[in-house]
Amino acid sequence: MIFLAFVVLGLIFLLVLGRYVSPRSSRKPVVTWGLDDYGTHILRGLSVFYAAGARNAYRMDRLHEEAKRRPQDEPEGLGVIDGPYLDDPNDPRGKPDGWVPPGEADQDPRP
């Protein structure tokens, strides 16, 4: 029953998406739709996801080609995510709470 509801909601989503991407001049009122209109809108909704996947695949291919051409460079964006402080063993940023630098962990805190 839950699976059927999921399928029905998915089809309704594809219908709405297909109607949204269709040109305004070719839209007919929902009341006048026939079976072929439902199929057309579902296929248009699916084509939106197909086009988005194709664009993403094209971008990923371009990024891989760029990485092969310049293997000495880091991939774009890693410098933002991995800050230089991660390389410093004594910097507490990015470490779990209560972290102590390696040299201090070996010392006895009592005088």
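Shown here for Asp37 and Thr32, the closest heavy-atom pair between the two residues is OD2-O, 4.1 Å. When every heavy atom of Tyr38 is checked against every heavy atom of Leu15, the shortest pair comes out as O-CD2, 3.5 Å. Residue Ser22 comes nearest to Arg44 through the heavy atom pair CB-NH1, 2.9 Å, listed as atom of the first residue, atom of the second, then distance.
Once rounded to the nearest 0.5 Å, the distance linking CG of Asn56 with CG of Asp61 reads 9.5 Å. Taking NE2 of His41 as the reference point, atom CG of Asp36 lies at 9.0 Å (rounded to 0.5 Å). Atom CG of Leu35 is separated from atom OG1 of Thr40 by 9.5 Å, given to the nearest 0.5 angstrom. The CD1 atom of Ile42 lies 12.5 Å from the CZ atom of Phe13; values are rounded to the nearest 0.5 Å.
Between the side chain of Arg27 and the backbone N or O of Tyr20, at least one donor-acceptor pair lies under 3.5 Å. In this structure, Arg19 contributes its side chain and Lys28 its backbone to a donor-acceptor pair below 3.5 Å.
There is no path of hydrophobic side-chain contacts, each under 4.5 Å, that joins Val48 to Ile12. Cluster annotation: Tyr50 is not connected to Leu43 through the hydrophobic network of ILVMFWY side chains, with a link wherever side-chain heavy atoms come within less than 4.5 Å. When hydrophobic clusters are built by joining Ile, Leu, Val, Met, Phe, Trp and Tyr residues whose side-chain heavy atoms come closer than 4.5 Å, directly or via intermediates, Val7 is grouped together with Phe49.
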Run the side-chain contact (heavy atoms from CB on, under 4.5 Å) test on Trp33 and Val30 for me, step by step, so that the C-alpha distance in whole Å, both residues' side-chain angles and the decisive distance to 0.1 Å come before the verdict. CA-CA 5 Å; Trp33 282 6; Val30 178; 4.1 Å; yes

